[in-house]
Amino acid sequence: MVYMAKSCMNKKSITFLSKLIILISFELVCMAIMAFGIQDKTRYVICGAGFAVLLIALAFLLPKSVSKKQETIVFTGLILLCFGIKLVAANIFHPTPVADYKTFYETAQSLAENYHYTVNPLYIALFSHVFGYSEFLSFFFQVFGTGISVAVRLNVVLSVISMMCLYKIGKSLGGFPMAVISSVLWSVFPSQSFWNSFVLSEPLYTTELLLFWCLILKMEETQEDKKKPVLFAVAAGIVLVLFQMSRTVGVIVVVALLITLFMVEISTVTKKKTLLVLLTIAVFVLGNRLADWHVESRIGTSTGGFSWYHVCVGMEESSGGKWNEQDWNRVLGNVNRFSQEGYEKPAAEAQKLEKLVAEQKIRNLSEPFQLMKTKLKTLLGNDSSGIIIHLKYSEVSLKAKTCQKIEFLTNSFYYMMVLLSILGGIIFLREKKGNVAFIFLYVIGLTMGHMLIEVQERYHYSILAGFLVVAAYAVSSLSGKRGKE
């Protein structure tokens with residue numbers, strides 16, 4: 001009995017300490033964002049604080065529960081609202097695909113026309129994540145024809161699916177009010193709506209991330225059943241493979257899941273749940289092997305494995321960890337040289353050289369803390385720069401007033417979510433259940449990952465979905481509406 005009591009106390013200590021570390025890490029990320037905001041975008045921080053108070057006040061109007069029929073009506077209305085807003089917002093601007101967006105578009109075109117990709121297979125071998133979204137888009141090009149409008153409308157549909165996932169996640173974590181708050185926040189999310197105008201992978205892999213979390217939560221909820229949790233576990237593994245094909249950070253999701261299971265929820269974890277999570281990971285590992293084989297069969301050459309090129313870019317102080325021509329020319333020159341010299345795996349050989357360069361750059365860092373600060377500001381400093389820069393770069397003519405409106409909408413909403421997320425983190429520490437820890441860990445993990453690899457303003461896209469869930473979690477809690485029915 002004494003041993004069991006000590007064991008229980010040890011498990012509770014592990015849970016509390018892990019939640020405390022997660023909270024501190026998450027709050028540090030949020031505080032850094034607010035510091036950047038106060039420094040550069042003070043008025044938008046003030047507006048965000050005002051919107052946060054207004055949102056909490058409005059949440060008091062929501063009923064804690066409704067009948068099944070009423071919920072169906074509300075859910076249908078939220079779908080229509082989201083679709084309408086996203087469709088209108090996606091057609092405000094008409095950017096021309098350039099740089100990465102052009103690559104996605106042209107690769108999808110080629111894959112739609114031929115099974116074997118012969119335009120630039122070495123490029124895909126180096127950056128296999130480009131293939132995931134491009135192949136997905138190519139299926140729709142085959143059905144609806146080639147065109148930017150197909151990609152834009154597909155982004156709108158993916159946004160609606162994301163909203164549906166957020167509704168289910170909110171319902172699972174906090175009941176009907178949190179489900180509605182999450183859905184409405186996503187529907188009116190300014191930057192996410194504007195990004196839908198571009199040909200980019202973010203809407204796809206963020207939808208896959210949210211769907212993965214939905215499946216994991218359903219797996220937990222159906223543990224008493226014999227077959228359902230197994231099916232949800234396998235489905236979650238498959239979705240994570242698809243996520244990895246479009247954004248090679250699946251390992252962050254796996255680590256977040258394991259920490260949630262074996263540290264945050266160690267007091268309540270069951271043998272069956274452990275086996276189900278291990279099944280999900282096994283499907284993910286096996287699926288990745290099959291996915292690599294599939295990509296290689298279509299491009300006709302071996303992929304390069306881990307992208308050390310992105311570490312090289314991330315450690316380049318002169319560019320602040322962003323894309324630079326020197327690193328770009330070097331990796332392309334090397335892969336072409338290895339191909340011409342008859343190497344069996346030119347992309348892998350090129351990445352080996354990139355590893356050596358990356359290690360040298362890390363050793364020679366003169367101001368590592370300044371580089372991290374610059375990268376963090378690029379990644380999370382505000383929510384408007386990426387939109388405005390990429391619209392201008394994509395040949396969209398923007399007037400000064402239009403830029404000001406974009407800044408107001410995106411940043412006010414962004415800082416509102418971050419402020420509410422700070423409160424959500426504090427509430428999380430007091431909660432007995434730890435299943436919301438997954439999204440905290442994903443935000444922390446992806447942020448830390450980008451301190452090592454390349455950063456761009458739009459790379460925080462999926463992190464925003466995390467802030468949104470935590471913000472809805474905070475609002476529903478502060479208004480006294482949270483609690484599963």
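Taking the six-membered ring wherever Trp is involved, the centroid distance between the rings of F136 and F141 does not fall below 6.0 Å. Annotation: F243 is not in aromatic contact with F212 [ring centroid separation under 6.0 Å not met].
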Exercise. Under the salt bridge (charged side-chain N to carboxylate O under 4.0 Å, His left out) criterion, do K218 and D225 qualify, and how do the steps go?
Worked result: CA-CA 11 Å; K218 290 296 291 183; D225 194 277; over 6 Å; no
For this session: Given salt bridge (charged side-chain N to carboxylate O under 4.0 Å, His left out), test K322 with E316 step by step and report yes or no.
Result: CA-CA 8 Å; K322 297 177 73 173; E316 181 55 52; over 6 Å; no
For this session: Might you work through the side chain to side chain donor-acceptor pair (under 3.5 Å) test for T96 and S394, ending with a clear yes or no?
Result: CA-CA 5 Å; T96 301; S394 301; over 6 Å; no
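In this structure, Y343 places its OH atom where only 12 or fewer heavy-atom neighbours from other residues, nucleotides or ligands lie under 6.0 Å away. Around CZ of F306, the count of heavy atoms belonging to other residues, nucleotides or ligands within 6.0 Å exceeds 12. Counting heavy atoms of neighbouring residues, nucleotides and ligands inside a 6.0 Å radius, atom CZ of F93 exceeds 12 of them. Atom CD of Q326 has 12 or fewer neighbouring heavy atoms from other residues, nucleotides or ligands inside a 6.0 Å radius.
The aromatic rings of F140 and F144 lie parallel to each other, with less than 30° between the two planes, well short of the 60° mark.
Using a 3.5 Å distance cut-off with no hydrogens or angles, the side chains of Y101 and H390 do pair a donor with an acceptor. Under 3.5 Å, the side chains of E135 and Y117 contain no donor-acceptor pair of N or O atoms. Checked by atom type, the side-chain pair N382/S385 shows a donor-acceptor distance below 3.5 Å. Side-chain atoms of E296 and T303 form a donor-acceptor pair, as typed in the model, at a separation below 3.5 Å. In this structure, a donor-acceptor pair under 3.5 Å is absent between the side chains of S159 and K86. E344 and S302 are not linked by any side-chain donor-acceptor pair at a separation below 3.5 angstrom, with hydrogens and angles left out of the test.
Using modelled atom types, no side-chain atom of T410 and backbone atom of S191 make a donor-acceptor pair closer than 3.5 Å. Judged by distance alone, with hydrogens and angles left aside, the side-chain atoms of T402 form no donor-acceptor pair with the main-chain N or O of L398 at under 3.5 Å. Judged purely by atom type and a 3.5 angstrom limit, S128 has no side-chain atom pairing as donor or acceptor with the backbone of I124. Side-chain N or O atoms of N324 include one that pairs as donor or acceptor with a backbone N or O of D327 at under 3.5 Å. With S197 contributing its side chain and F194 its backbone, the two residues share a donor-acceptor pair below 3.5 Å. A donor-acceptor contact shorter than 3.5 Å is absent between the side chain of S134 and the backbone of F131. Not one N or O on the side chain of N411 forms a donor-acceptor pair closer than 3.5 Å with the backbone of Y414. Put simply, the side chain of E317 gets close to the backbone of E367: a donor and an acceptor are under 3.5 Å apart. Checking side-chain atoms of S246 against main-chain N and O of S201 turns up no donor-acceptor pair under 3.5 Å. At least one donor-acceptor pair under 3.5 Å links the side chain of Q351 to the backbone N or O of Y309.
Using a cutoff of 4.0 Å between basic side-chain nitrogens and carboxylate oxygens, E407 and K41 are scored as salt-bridged. Look at E341 and R337 and you find a salt bridge, because one of the NZ, NE, NH1 or NH2 atoms lies within 4.0 Å of a carboxylate O, short of that distance. Between E454 and K375 no salt bridge is recorded (no basic side-chain N to carboxylate O distance below 4.0 Å). Salt bridge absent: E208 and R247 never bring a charged side-chain N and a carboxylate O closer than 4.0 Å.
In this structure, CE on M219 lies 10.5 Å from CZ on F232, to the nearest 0.5 angstrom. For the atom pair OG1 (T447) and OH (Y442), the distance works out to 9.5 Å, reported to the nearest 0.5 Å.
Screening Y133, F127, F198 for a ring pair (Phe, Tyr, Trp, His ring centres under 6.0 Å) involving F104 leaves a single residue, Y133.
Cation-pi contact between K168 and F75: present, with separation from the ring centre below 6.0 Å and deviation from the ring axis of at most 45°.
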